[in-house]
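The structure under discussion appears below in the form of structure tokens.
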There are 2 protein chains.
Amino acid sequence: MTEQFKQINLVQRPDGGPIGPHMFDVVEQSIPTLADGELLIKQSHMSLDPAMLGWMMPSEDSYIPPVALNSRMRSSGVGVVVESNNPNFVKGDQVMGMMGWTEYHVSNGTDVNKIDAQITPEMALCVFGLPGLTAVQGLYSIGEPKSGETIVVTGAAGSVGSIVGQLAKADGLNVIGVVGSDEKADWIVNELGFDGAINYKSDDLAGQLDALAPNGVDVFFENTGGPIQHAIFERMNAHGRIAVCGMIADYTAAVPSAGPNWMRLITKRIKVQGFTMPDHLHNAPALLEKLTPYVMKGQVKYRAHSLHGIESAMTGLNLFFTGENKGKLLVEL
Amino acid sequence: MTEQFKQINLVQRPDGGPIGPHMFDVVEQSIPTLADGELLIKQSHMSLDPAMLGWMMPSEDSYIPPVALNSRMRSSGVGVVVESNNPNFVKGDQVMGMMGWTEYHVSNGTDVNKIDAQITPEMALCVFGLPGLTAVQGLYSIGEPKSGETIVVTGAAGSVGSIVGQLAKADGLNVIGVVGSDEKADWIVNELGFDGAINYKSDDLAGQLDALAPNGVDVFFENTGGPIQHAIFERMNAHGRIAVCGMIADYTAAVPSAGPNWMRLITKRIKVQGFTMPDHLHNAPALLEKLTPYVMKGQVKYRAHSLHGIESAMTGLNLFFTGENKGKLLVEL
């Protein structure tokens, strides 16, 4: 085979400004001849996730190794096997895995999993991929939701937050979502069934929280950081649980914003727990077992916001900062 | 009996200034005739604890009901039964309980526990009372200490912190204490066996932390709040645990100080958990069972700082703000 394909390497780390093509190198590659045990995958959909911003950072603080400079940008995706020298895969199998920013991926079979052909690539990446695993891990292991309690989810129209809220609603909680546009507020209430929505850009945060959570907040699922964090924290009930999943407002901040004073942690005996999925991927089968019945009952809706062409990924990441995307970000190849 | 005794009622709540006699009313009372089932206790030692400052506050935020105005100030203490109409107690029994600021206490037998005559009142209040229970609850349920790890304890010469550090040392941890004087630093290192001490008033906090915790901090037992909190938080290792027990620096603050930004909670997957003992008193037998072997092996030393006379309690509480006390605060009656 001599067909050419594109992959994109990271060549410069975020500097606080927008993510863009100057940080990447689009490389033309030739499809290699497969060795024994290898398979060739044509990727059809790449997932863009907020966690990728963390993977691009240099830092000693990264929970998984940062993407090395001059190597392929890391991402999850779905594709189809087009050639296989591996006994576990045949041409036509649909697979999911961390293939990175590339049109074709050569695998030894250990970095991808087969997924049922009945599951669309969109559903695989929007529900059964990192978003769903992350939602289940954080909501149940840390949030410990109980019917009748009140949960507030920030980034509630995002890939993780939208699933968290729907699971909590199915479990009988009063579910409040914080979003960044009226369109998203409308979507989470009227399509997803949230009990209430707050547009942090225009609403009176304190007043809306008081109106929607008159009995205070029992579970806080944090995806964004920012000023709303303090307003929610101040309304946490005794024995409240806070799952800290994302802090998009602080990912590239030069000076971190102030967190809430810890006095309330004592008076209300609150637990705050940060988590990331790489710690829990070994637990994925159990997480999927928890998630699947909700999906089967139609309790987990999603929407994909698709970009087109591999190069669109480079500027697409900025949508996490602006919040202009409507739904889980994907790149169709 | 017509003997008179004194009790002290709370008549004004803290206003941000020092605690003092203007907030209390010293009342002369007559010892009443005991009803059936009652016993009369002559209190010999009252305990002064930082938590009492919280009990004096008005707030909806209190984890146990605030002390009502014009009622006896709440405290724990040790005394001797001087008269009993209760079949479970005889004259001469030593008892411990929440007797409050009073020289004599009439009990129905449910609010006090008998303690062995071999245990001095000082040891009962300094080790087996709230300080020891609090240390065990926070260190083991939240801190989950493991041999070889590093723990930092603030308020390390205090009643709770000094026990936490000694338990952790006995368990094989690298134990660093933060204190407010060179005398206390000397005491926790040379008498209690801490591996290192930092005087937050005079030392270079960051430099000393780096020197004493070169591999970072795994467990943070927080008793004080204040600027040192941020320096410790910034050095927390992956999967670190933070037990938030006290925030003396913020108890009466009009404007709460800023807490640490939550980004590190994610990158390091840190747990922060506030707790108070009233939630866990039902678990006291198990906590004492955990604590006792350490005490029996001589691994838990203590020192009492005794004030004299019931009136001394009124100004004695200020020592928690100034840190001038050397050891667990008691009032000898």
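Letters A, B, ... mirror the listed sequences (proteins, then strands); counts begin at 1.
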Inset, instruction - Mind checking side-chain hydrogen bond (donor to acceptor under 3.5 Å, both in side chains) for A:D210 and listing every partner two or more places apart, or none if nothing turns up? - result: A:R235

Inset, instruction - Tabulate, in ascending numerical order, the residues of residues 222-231 of chain B having at least one heavy atom closer than 4.5 Å to a heavy atom of chain A, or enter 'none'. - result: B:E222, B:Q229

Legend entry - Note: A:R241-A:E149 ion pair, threshold 4.0 Å (strictly below): yes

Legend entry - Reported CD1-to-CD1 distance for the pair B:I198 and B:I232, which is rounded to 0.5 angstrom: 7.0 Å

Legend entry - Close side-chain approach of B:Q273 to B:V244, heavy-atom, < 4.5 Å: no

Inset, instruction - With a 4.5 Å heavy-atom cut-off (strictly below), which parts of residues 128-146 of chain B touch chain A? List them by number. - result: none

Inset, instruction - Please list, chain by chain and in numerical order, all residues satisfying side-chain hydrogen bond (donor to acceptor under 3.5 Å, both in side chains) with A:D49, sequence neighbours excluded. - result: A:S47, A:K328

Legend entry - Exercise: identify the closest heavy-atom pair between B:M236 and B:I270: CB-CD1, 3.5 Å

Inset, instruction - Over 60° means perpendicular and under 30° means parallel, so classify the ring planes of A:F220 and B:W262, tilted if in between. - result: tilted

Legend entry - Point-to-point distance, once rounded to the nearest 0.5 Å, from CE of A:M263 to NZ of A:K268: 11.5 Å

Legend entry - Straight-line distance of A:L48 CG to A:L319 CG, nearest 0.5 Å: 8.5 Å

